[in-house]
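See structure below.
Lettering follows sequence order; numbering is per chain, from 1. Quick caveat: nothing in here was measured; it's all calculated off a predicted structure.
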2 protein chains.
Amino acid sequence: MSEGSEIHPGFTRARVSLGRQVAEALRAAIMKGDYAPGSRLPSETDISETFQVSRVTVRTAIKMLESQGLVEVRHGSGTYVCDFGGRIRAGAQELRSISETIQEMGFVPRTELHARDVRPATEDEAERLGVEVGFTVVAMERAIYADNEVVAYSFDVIPAENLPARFVARFGTGSMFSVLDEIGYMPTRALAELHPVQSSEIGWGPQRPERGLFLLLDQVHFDRRGRAVVYSKTYFVEGRFQFVILRTR
Amino acid sequence: MSEGSEIHPGFTRARVSLGRQVAEALRAAIMKGDYAPGSRLPSETDISETFQVSRVTVRTAIKMLESQGLVEVRHGSGTYVCDFGGRIRAGAQELRSISETIQEMGFVPRTELHARDVRPATEDEAERLGVEVGFTVVAMERAIYADNEVVAYSFDVIPAENLPARFVARFGTGSMFSVLDEIGYMPTRALAELHPVQSSEIGWGPQRPERGLFLLLDQVHFDRRGRAVVYSKTYFVEGRFQFVILRTR
DNA sequence: GAGTGGTCTAGACCACGCA
DNA sequence: GCGTGGTCTAGACCACTCA
């Protein structure tokens with residue numbers, strides 16, 4: 001552990017909850033090898049003393065790690081580090097950018113803009129985003145790479161009717177989420193549907209799968225005020241990305 | 001609301017947490033139409049007074065409903081009932097039997113046993129279950145119906161080497177989970193992977209999809225002691241079941 | 001029986017939204 | 001500015017595991 005700093009109430013520009021800070025510290029310790037797969041973490045009481053936080057806070061941190069499939073909690077026994085292989089593994093209920101996930105698993109992420117358009121919303125898009133048909137949107141088509149291998153093709157639609165042109169222009173350059181953050185539309189929640197898809201019409205370029213089999217993550221992102229800010233269809237190429245879900249009672 | 005009974009600490013044979021009880025009561029109220037889609041639930045403080053529980057408990061209840069995509073929480077504003085259509089919608093991170101989910105959505109569930117075998121575990125099964133190759137297992141193939149329409153085909157494997165024959169015999173008759181519960185192997189956690197699958201070899205009977213497209217939920221169930229108790233491959237027929245994931249930061 | 005995680009409480013204060 | 005949800009605490013007691 002040996003962190004100790006960085007963790008403090010006081011809310012000194014604290015946009016990150018204490019629980020998350022503890023979770024990140026524990027995650028780093030695990031990744032660094034302080035706790036080997038199969039070994040036991042310190043007890044919740046110990047951790048709470050180490051970080052000087054309440055046990056409730058420690059528990060929220062551990063729940064986060066658990067939902068990422070990183071640790072396993074056994075009642076009456078302890079919390080144990082999971083063993084996981086080298087594939088890209090993402091906890092499906094963690095909302096984070098795909099690039100971020102790829103990076104954290106030790107691969108080099110890259111996105112490639114294939115098309116970009118400012119146009120009226122289709123009927124489907126309008127319904128999902130809760131706007132009128134014909135509302136102006138920015139539409140993007142991107143390929144997402146991990147170590148130069150296509151992991152997913154993503155189609156994103158962002159309502160832009162009332163957005164200053166200087167912001168509209170920035171979509172397609174750099175991280176979509178950082179632009180959204182700047183204009184105050186940072187997604188905090190997404191409701192996603194999962195569908196299997198087979199199509200030879202999805203994707204492009206030399207790595208386009210022959211008779212492509214994809215896992216479609218069909219999701220609408222909402223900001224903290226409940227406004228729909230992005231409608232995304234991300235087609236994950238089967239076999240290159242491991243989506244994990246921890247299911248509990 | 002107007003429940004009031006059933007909710008009490010005291011732990012009179014309470015295997016169900018207070019939070020879950022409150023969640024169930026709220027869920028029932030929503031399903032009954034007490035709160036229409038889009039309308040606001042009472043505030044957390046109000047609910048905690050109504051049910052005579054702490055606000056923390058109310059919050060765990062609301063988190064459950066949120067993860068099922070049933071309500072939407074907006075900071076500073078309130079908790080609102082989501083609008084969802086007539087399709088079967090399951091929160092992917094809730095561990096519950098499929099039949100249970102189907103029933104709760106207002107359909108009539110039915111499972112049909114197609115095959116059943118007691119045999120040695122394959123290499124793959126042994127690895128996933130953490131047992132030796134050749135370990136005796138019960139293997140079942142079942143079709144799961146909602147209102148007489150096939151929703152999924154499920155392949156379940158249960159380690160049975162040391163299980164009394166009288167229990168082994170019961171798998172395939174009635175609910176798999178109730179048998180597991182009786183013998184003390186009730187799953188409390190499952191780690192699932194999601195994959196798209198296309199195959200004409202999955203399924204049987206007149207409703208077998210032509211060129212079947214499925215969402216495969218590939219999962220190992222664990223009991224509270226961390227023992228692997230079931231290895232399931234469930235192939236959901238695309239279009240008949242809506243898997244929802246709430247993703248949060 | 002000692003030690004671990006699971007549940008619950010009452011109370012405090014912060015951040016946000018909305019009028 | 002009031003009411004809403006968000007975070008955090010200290011302490012209590014229960015249920016479970018394991019030696």
Side-chain angles (χ1 to χ4, degrees), chain A residues 7-23 26 39-66 71-81 184-186 188-189 222-227 248-249, chain B residues 7-23 26 39-66 71-81 184-186 188-189 222-227 248-249:
Chain A
I7 311 284
H8 43 67
F11 290 14
T12 349
R13 65 178 303 183
R15 312 170 53 202
V16 180
S17 73
L18 265 182
R20 186 163 294 274
Q21 290 178 55
V22 174
L26 290 174
S39 66
R40 216 192 70 185
L41 289 186
S43 75
E44 297 181 349
T45 312
D46 284 355
I47 296 174
S48 75
E49 282 164 7
T50 303
F51 288 99
Q52 289 290 299
V53 299
S54 75
R55 210 185 122 208
V56 176
T57 303
V58 172
R59 284 177 63 74
T60 71
I62 290 178
K63 286 228 172 97
M64 290 179 198
L65 300 179
E66 195 187 16
V71 301
E72 175 188 340
V73 183
R74 293 189 212 144
H75 189 181
S77 173
T79 302
Y80 300 82
V81 179
Y185 289 99
M186 189 63 179
T188 57
R189 205 171 61 236
F222 300 91
D223 71 1
R224 62 186 173 196
R225 301 168 80 160
R227 296 177 295 204
T248 54
R249 287 185 65 83
Chain B
I7 312 284
H8 42 67
F11 289 15
T12 348
R13 67 178 304 184
R15 311 170 55 202
V16 180
S17 73
L18 265 182
R20 186 165 294 275
Q21 291 179 55
V22 173
L26 290 174
S39 67
R40 218 191 70 183
L41 290 187
S43 74
E44 298 181 349
T45 311
D46 284 355
I47 295 175
S48 76
E49 282 164 7
T50 304
F51 288 98
Q52 287 291 296
V53 298
S54 75
R55 208 185 124 208
V56 176
T57 302
V58 172
R59 284 177 63 75
T60 70
I62 289 178
K63 285 229 171 93
M64 290 180 199
L65 300 179
E66 193 188 17
V71 301
E72 176 188 340
V73 182
R74 290 188 215 145
H75 190 182
S77 174
T79 301
Y80 300 81
V81 179
Y185 288 99
M186 188 64 179
T188 57
R189 203 171 63 238
F222 300 91
D223 71 1
R224 61 184 175 195
R225 302 169 78 161
R227 296 176 298 204
T248 53
R249 287 185 64 83

Query raised in the report: Which heavy atom of Glu66(B) sits nearest a heavy atom of Arg189(A), and at what distance?
Result: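 That closest heavy-atom pairing would be OE2-CD, 3.8 Å.
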Report task. For residues Tyr80(B) and Ser77(B), report the shortest heavy-atom separation together with the two atoms involved. Result ->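 Residues Tyr80(B) and Ser77(B), closest heavy atoms: OH-OG, 2.6 Å.
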Could you tell me how far apart [X] ([atom1]) and [N] ([atom2]) are, to the nearest whole angstrom?
X         : N       : atom1 : atom2 : value
Arg59(B)  : dT7(C)  : CZ    : C1'   : 16 Å
Gln52(A)  : dC8(D)  : CD    : P     : 15 Å
Glu72(A)  : dT4(C)  : CD    : C1'   : 15 Å
Leu18(A)  : dA15(C) : CG    : P     : 13 Å
Arg55(A)  : dT4(C)  : CZ    : P     : 10 Å
Arg40(A)  : dG3(C)  : CZ    : C1'   : 8 Å
Met186(B) : dC16(D) : CE    : P     : 14 Å
Arg227(B) : dC16(D) : CZ    : C1'   : 12 Å

With a 4.0 Å cut-off on heavy atoms, is [X] in touch with a base, just the backbone sugar-phosphate, or nothing at all?
X        : value
Arg74(B) : sugar-phosphate
Val56(A) : base
Thr79(B) : sugar-phosphate

Query raised in the report: Which residue, Thr57(A) or Tyr80(A), contacts DNA chain D at a nucleotide closer to its 5' end, judged by nearest heavy atom?
Result: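 So the residue in question is Thr57(A).
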Report task. Could you say whether Ser77(A) or Gly78(B) is positioned toward the 5' end of DNA chain D, judged by the nucleotide with the nearest heavy atom to each? Result ->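 Of the two residues, Gly78(B) wins.
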Requested in this report: Determine whether the side chains of Thr57(A) and Ser54(A) contain a donor N or O and an acceptor N or O closer than 3.5 Å.
Outcome: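 Yes, Ser54(A) and Thr57(A) have a side-chain donor paired with an acceptor closer than 3.5 Å.
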Query raised in the report: What nucleotide, of dC8(D), dT9(C), dA15(D), holds the atom closest to the side chain of Val53(B)?
Result: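 The nucleotide sitting nearest to the side chain is dT9(C).
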Query raised in the report: Among dC8(C), dT7(D), dA15(C), which is the nearest nucleotide to the side chain of Ser54(B)?
Result: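 Nearest to the side-chain atoms of Ser54(B), counting from C-beta on, is dC8(C).
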Query raised in the report: Any side-chain heavy atom of Arg40(B) within less than 4.5 Å of one from Thr79(B)?
Result: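 When only atoms from C-beta onward are counted, Thr79(B) and Arg40(B) do not touch, as no gap falls below 4.5 Å.
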Requested in this report: Answer yes or no: does atom CZ of Phe222(B) have more than 12 heavy-atom neighbours from other residues, nucleotides or ligands under 6.0 Å?
Outcome: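 Above 12, so yes.
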